[in-house]
Amino acid sequence: MPKQPPPFKRYIPFTSDYGFKVTFGNEVNTLFLRTAIQAMIELERPVQSLVFEKNSREAPTIQGRHVVFDLTCRLDNGEIVIVEMQLGGYPNMVKRLEYYATIRMIPFVKKGKWMFQGIPRIYSVAIMAKSLFGDDDYHRISSLYDKRHRLVDDSLQFIFIELDKFDKPADLCTTNLDKLIYTMKALPQIENPEEMPDFMQEEWLASAIKELDAANLDPHERAMLEIAVAREVSSHYAADQWAEFVEKRGEQRGEQRGEQRGKETTMRHNIRSILQKHPEWTDEYISELLNAPIQIVSEERERLK
């Protein structure tokens, strides 16, 4: 496997678990999240306030899967926003967002004649480091349309942001969406604040950048953080490389053993991600959540230690 470059110089990546939690998930200062949401879902009015909601939901059926959102919140007008960060490749992202939006809609469906009245609009947002669609659009908003491109329903909206497609220079970033994406991509490689374009001094971005400044950490904390972020980046890279290898090998030789190993690698990666986000969860709960053998969960917990 090629040696991975340093994950950041001074500023912690937004795309890391830590970076996402202290910026998008900052419950003390929501200015950045409110402005980012307005930009990503193209709201005409500013988001004045929001409330973070429980990030887990029970499956609607016995056979269904328990859901853990990266972030879900309710806006001041009652609308709901789900935000997911995906660092590695994930070809089923569309289905994942559809499932997440449906899970959030279910509690609002009531018994009786007017069972579908009063359901708030739900925005399901995916911020992806890698491309999903085969075009140059780095931002798309999708709803239900017919074959003549007429709107059928927009109560569920799906927003996709593909970071690797964005290549605008700083001087052409005039919208908040472009400023957000540029900052997310460029910040980890900035070492001196003087290198930042002027728009990074805007209050909503500056508040997030302050949270990501590793210079505020002591040397031990920074070293531990670099290890954690590098491990996270490497695990996603390894999972993508292994999935590609298994796919090619399966096409050439049709070996089920390779596919099984690929599934186990993905399973272990998912277990590690959950353990890093929620170390307080028990092995039994994670085993049931991911439908994974408890022995593998225990092994991955020991590895992380």
Side-chain angles (χ1 to χ4, degrees), residues 2 4-5 7-8 11 13-16 19-20 23-24 32-33 35-44 70-71 81-101 122-154 156-190 195-200 202 204-205 208-209 233 236-237 239-241 243-245 247-248 251:
Q4 293 296 296
F8 64 92
Y11 295 97
F14 281 87
T15 52
S16 67
F20 185 84
T23 54
F24 287 89
F32 169 77
L33 177 61
T35 310
I37 285 176
Q38 181 188 359
M40 292 188 295
I41 67 180
E42 294 188 345
L43 282 179
E44 294 183 359
D70 285 347
L71 181 152
V81 179
I82 301 165
V83 182
E84 290 291 306
M85 183 77 74
Q86 183 63 38
L87 187 57
Y90 193 86
N92 294 316
M93 198 66 191
V94 175
K95 295 298 183 186
R96 179 174 164 183
L97 289 195
E98 290 174 342
Y99 180 57
Y100 283 10
I122 299 174
Y123 301 92
S124 199
V125 182
I127 304 173
M128 300 174 292
K130 300 192 178 218
S131 297
L132 180 64
F133 303 99
D135 55 37
D136 295 330
D137 292 337
Y138 56 85
H139 177 238
R140 72 184 70 229
I141 299 178
S142 305
S143 295
L144 182 61
Y145 287 80
D146 65 16
K147 66 179 182 180
R148 296 184 181 179
H149 306 290
R150 295 173 299 192
L151 179 65
V152 176
D153 180 59
D154 63 353
L156 299 183
Q157 295 196 15
F158 306 95
I159 295 87
F160 301 88
I161 297 174
E162 299 166 273
L163 299 178
D164 67 346
K165 290 181 179 179
F166 185 86
D167 59 1
K168 284 187 180 181
D171 58 351
L172 294 183
C173 294
T174 56
T175 68
N176 279 350
L177 177 65
D178 286 349
K179 294 174 184 177
L180 170 66
I181 300 176
Y182 181 92
T183 302
M184 291 184 68
K185 291 194 68 173
L187 188 65
Q189 298 308 313
I190 293 177
E195 303 172 25
M196 296 180 182
D198 291 341
F199 61 75
M200 287 191 187
E202 295 178 13
W204 68 287
L205 284 174
I209 292 171
V233 172
H236 283 288
Y237 177 86
D240 290 343
Q241 294 297 307
E244 181 179 354
F245 168 76
E247 181 179 356
K248 290 180 179 179
E251 291 174 354

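Positions are given from 1 along the sequence. Worth saying up front: this structure is predicted, and the values here are computed from it rather than measured.
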Exercise for review: Show your working on side chain to side chain contact (heavy atoms under 4.5 Å, CB included) between I190 and M196 and close with a plain yes or no.
Suggested key: CA-CA 7 Å; I190 293 177; M196 296 180 182; 4.0 Å; yes
**Study point:** Close side-chain approach of I181 and Y138, heavy atoms under 4.5 Å
**Key:** yes
Check your understanding: Residues two or more places apart in sequence or in another chain: which of them pass side-chain contact (heavy atoms from CB on, under 4.5 Å) with Q38?
Key -> L43, P46, V47
Point to revise | Any residue meeting side-chain hydrogen bond (donor to acceptor under 3.5 Å, both in side chains) with R150, in chain and number order, not counting sequence neighbours | key: D146
Exercise for review: Could you tell me whether the side chain of K179 and the main chain of F199 form a donor-acceptor pair under 3.5 Å?
Suggested key: no
Check your understanding: Can you find a pair of side-chain heavy atoms, one from D154 and one from L144, that are under 4.5 Å apart?
Key -> no
Exercise for review: Please lay out, stage by stage, how F20 and L71 fare under the test side chain to side chain contact (heavy atoms under 4.5 Å, CB included).
Suggested key: CA-CA 9 Å; F20 185 84; L71 181 152; 4.0 Å; yes
**Study point:** Sequence-distant partners of D135, side-chain hydrogen bond (donor to acceptor under 3.5 Å, both in side chains), two or more places apart
**Key:** R140, K165
Revision key, fill the gap. d(L172 CG, T175 OG1) to nearest 0.5 Å is 11.0 Å
**Study point:** Derivation of the side chain to side chain contact (heavy atoms under 4.5 Å, CB included) call for L151 and S143
**Key:** CA-CA 8 Å; L151 179 65; S143 295; 4.1 Å; yes
**Study point:** Y11 vs I209 side-chain heavy atoms within contact, under 4.5 Å
**Key:** yes
Point to revise | Reported CD1-to-CD1 distance for the pair I141 and I41, which is rounded to 0.5 angstrom | key: 7.5 Å
Exercise for review: Can you sort out the partners of D167 under side-chain hydrogen bond (donor to acceptor under 3.5 Å, both in side chains), two or more places apart, ordered by chain and number?
Suggested key: none
**Study point:** Side-chain heavy-atom pair V125, E84 within 4.5 angstrom cut-off
**Key:** no
Check your understanding: Considering residues at least two apart in sequence or located in another chain, which fulfil the side-chain hydrogen bond (donor to acceptor under 3.5 Å, both in side chains) criterion with S142?
Key -> none
Practice item. Apply side-chain contact (heavy atoms from CB on, under 4.5 Å) to D198 and list each qualifying residue two or more places apart in sequence or on a separate chain. Key: none
Practice item. Look only at the side chain of H139 and the backbone of F160, and say whether a donor-acceptor pair between them is shorter than 3.5 Å. Key: no
Check your understanding: For Y182 and P197, which heavy atoms make the closest approach, and how far apart are they?
Key -> CE2-CG, 3.8 Å
Check your understanding: Can you find a heavy atom in the side chain of V81 that is under 4.5 Å from one in the side chain of M40?
Key -> no
**Study point:** Reported CZ-to-CE distance for the pair F133 and M93, which is rounded to 0.5 angstrom
**Key:** 10.0 Å
Point to revise | Heavy-atom closest pair, residues P188 and T183 | key: CD-O, 4.5 Å
Review point. How far apart are the closest heavy atoms of L87 and A129, and which atoms are they?
Key: O-CB, 3.3 Å
Exercise for review: Could you label the plane-to-plane angle of the F24 and F14 rings as parallel, tilted or perpendicular, counting under 30° as parallel and over 60° as perpendicular?
Suggested key: perpendicular
Review point. Can you tell if the side chain of I122 reaches within under 4.5 Å of the side chain of I82, non-hydrogen atoms only?
Key: yes
Practice item. Write down the atom of A39, the atom of L177, and the distance for their closest heavy-atom approach. Key: CB-N, 3.7 Å
Review point. Less than 4.5 Å apart, any side-chain heavy atom of Q86 and any of I127?
Key: no
Exercise for review: Salt-bridge test for K130 and E162: reply yes if a basic N is under 4.0 Å from a carboxylate O, no otherwise.
Suggested key: no
Practice item. Considering non-hydrogen atoms only, spot the tightest contact between L97 and I159 and give its length. Key: CD1-O, 4.1 Å
Practice item. Quick one: pull up CG in D178 and CZ in F166 and give me the separation to the nearest 0.5 Å. Key: 4.5 Å
Point to revise | F32 side chain near L205 side chain, heavy-atom distance below 4.5 Å | key: yes
Review point. Under 3.5 Å, is there a donor-acceptor pair between the side chain of D70 and the main chain of M85?
Key: yes
**Study point:** K168 versus C173, closest heavy-atom pair with distance
**Key:** CB-SG, 4.2 Å
